[in-house]
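Notes follow once the structure below has been shown.
In this text the structure is predicted, and so the values were computed from the model without any measurement. All values below were derived from every heavy atom in this structure, side-chain atoms included, with hydrogens, water molecules and symmetry-related copies excluded. Whatever order the structure lists ligands and atoms in, that order sets their numbers, starting from 1.
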Amino acid sequence: MNIAVLPGDGIGPEIIAEAVKVLRRIAQDGFDFTFEFAPVGGAAYAASGHPLPEATLNLARSADAVLFGAVGDWKYDTLERHLRPEQAILGLRKNLGLFANLRPAVLYAELADASSLKPEVVSGLDILIVRELTGDIYFGQPRGRRTAPDGAFAGQPEAFDTMRYSRPEIERIAHVAFKAAQGRNKRLTSVDKANVLETFQFWKDIVTEIGQQYPDVQLDHMYVDNAAMQLVKAPKKFDVIVTGNMFGDILSDEASMLTGSIGMLPSASLNEKGQGLYEPSHGSAPDIAGQGIANPLATILSAAMMLRHSLKLPQQADRIESAVQKALAQGLRTPDIHAPGMQKVSTAQMGDAVVAALG
Ligand code: NAD
């Protein structure tokens, strides 16, 4: 099993080192993992003048899965847009066809106090957001700036984007979401804005149609404004949420905050072949890079998702997730999740604790 490892910038190399440490420990139990490292983002720009060099892209294409750290640094903010580190992640999504973004938001009991919501609202929270990642208003053409051709402000400068979804795009993300729900509590909420948007009436019709192939999954529909409200009012009512690119972008960040720390949240982006890119939900945190204090758990949990979704080793994924829980139960905390009475540990000490908890 070939794993392309792209550490990237800022805390990327530090947190990736811990995830690889955990995977190497799993490999000792009889699994054949090959790790190939390549630069990406600012590190790749510094080395070769492009944030996503051809060699890195080819490595990612040929691998069974990609383990990605994070990209970005303020020192690259003045570069032309196509050379900025963040373009690497967009290039990988586009070139690998990564249309399905899976973001679990799980609140570990040990961290219940870290949430901004009351413990009784969030304790036991375990939801999964499935976000369509390559369509919608973020990619729809035409887009741009022009002189308004009509309407009350005709003749004035205006900007516009196009919201559009094709049937196959909706069908394939719906299948991913229904299958994910089958593996969980068999409830799926499709989030739309069908009351106002033609695109999302179409979305709702097609998700309903696909639902007939999954009679064991209970499907309901919710408008996005209500979903945003329910996520903070009664988040535990949800099991799996499926939605479009823009609504998913916003709702998944909202959901991530229910769990208290961005340092805990993994993500997976999958294509039709089941190949995936696995990365923490946070960025490169240049403000704490090089200090050995970053929380590596989101990346370690992303490696667990990689074992489950791309390498088809669900039991090993479960092992990693329970090892993370054990490390937290021992009272070990990196500074971002530290609370009085807990033991403050470094990035590497947290990685070591997870390895030790694997047994
Ligand atoms: P960020 O997620 O990097 O950091 C936000 C805050 O959270 C910072 O205070 C940081 O110290 C903290 N934080 C993040 N991850 C942490 C961890 N594992 N442990 C402890 N604390 C952690 O977001 P930002 O500061 O807005 O962006 C920094 C850079 O990251 C920018 O260049 C941005 O473009 C880039 N970025 C990259 C990705 C990606 O690679 N997918 C995603 C988001 C942002």
Reference residue [X]; test side chain to side chain donor-acceptor pair (under 3.5 Å); the match among [options]:
| X | options | result |
| --- | --- | --- |
| R308 | Q316, Q315, E321 | E321 |
| Y278 | S302, S269, S310 | S310 |
| T189 | T243, D239, D220 | D220 |

Within reach of ligand 1, part of [X] (heavy-atom separation under 4.0 Å):
| X | result |
| --- | --- |
| P296 | neither |
| H282 | both |
| D287 | side chain |
| D336 | side chain |

Under a 4.0 angstrom heavy-atom cut-off, which atoms of ligand 1 come close to [X]?
| X | value |
| --- | --- |
| G72 | 32 (O) |
| E279 | 41 (N) |
| A294 | 19 (N) |
| D73 | 32 (O) |
| E86 | 31 (C), 32 (O), 33 (C), 34 (O), 35 (C) |
| A70 | 40 (O) |

Just to confirm, does any protein heavy atom lie below 4.0 Å from [atom]?
| atom | answer |
| --- | --- |
| atom 40 (O) of ligand 1 | yes |
| atom 5 (C) of ligand 1 | no |
| atom 27 (O) of ligand 1 | no |
| atom 17 (C) of ligand 1 | yes |

| query | Is there a heavy atom of A298 sitting under 4.0 angstrom from any atom of ligand 1? | reply | no
So which of [options] gets nearest to [atom], if we judge by its closest heavy atom?
| atom | options | answer |
| --- | --- | --- |
| atom 19 (N) of ligand 1 | D9, I288, L92, N295 | N295 |
| atom 42 (C) of ligand 1 | P280, G8, G41, G283 | G283 |
| atom 29 (C) of ligand 1 | G69, G12, A285, S284 | S284 |

Donor-acceptor pairs under 3.5 Å, side chain of residues 289-297 to any protein atom, not counting sequence neighbours: which ones?
| from | atom 1 | to | atom 2 | distance (Å) |
| --- | --- | --- | --- | --- |
| Q291 | NE2 | D287 | O | 3.2 |
| N295 | OD1 | L297 | N | 2.9 |
| N295 | ND2 | G263 | O | 3.4 |
| N295 | ND2 | D336 | OD2 | 3.1 |

| ligand 1 and V71, any nitrogen or oxygen pair closer than 3.5 angstrom? | yes
| Does F68 reach ligand 1 with a nitrogen or oxygen that is under 3.5 Å from one of the ligand's nitrogen or oxygen atoms? | no
| task | Could you give me the CA-CA distance, side-chain angles and deciding distance for Y76 and D9, then say whether side chain to side chain donor-acceptor pair (under 3.5 Å) is met? | result | CA-CA 11 Å; Y76 299 112; D9 308 319; 5.6 Å; no
| Where is the nearest protein heavy atom to atom 7 (O) of ligand 1: which residue, which atom, and how far? | I262 CG2, 4.0 Å
| request: Kindly determine whether T134 and E132 satisfy side chain to side chain donor-acceptor pair (under 3.5 Å), including the steps that lead there. | output: CA-CA 6 Å; T134 51; E132 201 289 330; 3.3 Å; yes
| Main-chain N/O of L265 paired to S281 side chain as donor or acceptor, under 3.5 Å | yes
| CZ/R187: more than 12 non-hydrogen atoms of other groups inside 6.0 Å | yes
| Y223 side chain reached by D192 side chain, heavy atoms, under 4.5 Å | yes
| Between N2 and E36: side-chain donor-acceptor atoms closer than 3.5 Å | no
| Donor on one side chain, acceptor on other, T208 and H221, under 3.5 Å | yes
| remark: For residues 55-66, the salt bridge (charged side-chain N to carboxylate O under 4.0 Å, His left out) pairs (sequence neighbours left out) are none
| task | Report the relative orientation of the aromatic rings in Y165 and F200; use parallel for angles under 30°, tilted for 30 to 60°, perpendicular for over 60°. | result | perpendicular
